[in-house]
Amino acid sequence: MSSHPLRRVFTRRFTVLFAVPALLIAGAVALLPGTAAEAAGTTPSTQTAARPPAGHHPPIPAQGIFFVKGKVAHPARLTVADLARYPQYTQHVTFQSGTGPQTHTYTGAKLIDILTAAGPAFRADVKNDLLRYAVLVHASDGYEAVLSWPELVDGFGGTQALLASSEDGRSLATEGPRLTVPDDTKGGRYVSGLTSITLVRVGA
Ligand SMILES: Nc1nc2c(c(=O)[nH]1)N[C@H]1C(S)=C(S)[C@@H](COP(=O)(O)O)O[C@H]1N2
Ligand SMILES: [Mo]
C-alpha cells in the first residue's frame, strides 16, 4: 500500500490547510452558548414558556365550569348556575389592588358549604383532623391561592369566603366564579375566573 510521494504531500497539505482549521472552527462554534445547537433544534428546554400578560382578566374558555376535588367523597363538576342551589349570601367588600382600593358587591354561595356538600374526607382517628387541611383555589389563568380549612370554620377563622356568582349585579356565569375573602384587606385572594377548588390534606 505505498502511495505516490506527491499524493502524501497533498494529503498532508490538505490536512493542515483545511481539515485542522475546519475542526477548530467547528469546535469553537459548538462551544458558543446557544448557536449551532439551537439552530439544529437540539437545545434542551431551558427557554421559559411564554408568560400570560401582566394583570389578569383571564380569557375564559371554560364557560364558568369548575371542579370540586381532592380529599372529598364526592368530587363534582359544577357551573356558576349550580351555586344557586346553596344558601345565598351578599357581601359589600373593599380590598386594595394595584389600581387602588376597590369596593364591590358579591353574591354567591359559601365556599365551606360547597366543600361540605362534597364530603371532606376528614379522618376520625386523628384528633381535630380538620385542622390539617387547606383549600387550593385555581383560576383559568393559572393563578392560585390557598385558604386553610380552619380559616373557614366558625370558632377558628370564621371567614365567610364565598364563591360569587355575580359581581356588582353582573353575572359571572361565563367568566367563572370569584372567590371572596372578606377579612382580607388586600385583593390577592379574590381569585377570579375560578376553575377548581381542591381540598388538600397538608398535615403529616
Ligand atoms: N385569576 C386571577 N385572579 C386574581 C388575580 C389574578 O392575577 N388572576 N389577581 C389578584 C389580585 S393581586 C388583585 S389585587 C385582585 C384585583 O382585582 P381586579 O382584577 O378585579 O382589579 O384580583 C386578584 N384575583
Ligand atoms: Mo394585587
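Start at 1 with the first residue, then count along the sequence. Since we're looking at a predicted model, the values are computed, not measured. Every heavy atom of this structure was used, including side-chain atoms; hydrogens, water molecules and symmetry mates were not. Read the numbers this way: they start at 1 and go in the same order the structure lists the ligands and their atoms.
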With heavy atoms and a 4.0 Å threshold, my read on which part of Glu167 contacts ligand 1 is neither

The ring-ring contact (aromatic ring centres under 6.0 Å, His included) partners of Phe122 (sequence neighbours excluded) come to Tyr133, Trp149

Atom 15 (C) of ligand 1: of Gly187, Ser140, Gly188, the nearest heavy atom sits on Gly187

With no hydrogens and no angle check, do the side chains of Ser171 and Ser166 hold a donor and an acceptor under 3.5 Å apart?
no

### Message
Contact between ligand 1 and Gly193 is defined here as a heavy atom of the residue under 4.0 Å from a ligand atom; is it met?
### Response
no

| message | Can you see whether Gln91 engages Tyr106 through a side-chain donor-acceptor pair at a distance of less than 3.5 angstrom? | response | no

If we number the atoms of ligand 1 from 1 as shown, the ones under 4.0 Å from a heavy atom of Gln96 are 14 (S)

Check: of Gly100, Ser97, Ser192, Gly176, min heavy-atom distance to atom 14 (S) of ligand 1 comes from Ser97

* Would you say Arg178 contacts ligand 1, with heavy atoms under 4.0 Å as the rule? -> yes

ask   = Side-chain donor-acceptor pair under 3.5 Å between Glu151 and Thr159, yes or no?
value = no

One finds that the ligand 1 atoms under 4.0 Å from a non-hydrogen atom of Tyr190 are 4 (C), 22 (O), 23 (C), 24 (N)

- Side chains of Arg178 and Tyr190: donor-acceptor distance under 3.5 Å anywhere? no

For Asp141, the ligand 1 atoms with a heavy-atom partner under 4.0 Å come out as 1 (N), 2 (C), 6 (C), 7 (O), 8 (N)

Sorted by chain and number, sequence neighbours left out, ring-ring contact (aromatic ring centres under 6.0 Å, His included) with His138 holds for none

Ligand 1 atoms nearer than 4.0 angstrom to some heavy atom of Ala139 are 1 (N)

Logged contact type for Gln102 with ligand 1, heavy-atom cut-off 4.0 Å, is side chain

Q) Lys71 versus Pro120: any side-chain heavy-atom pair under 4.5 Å? A) no

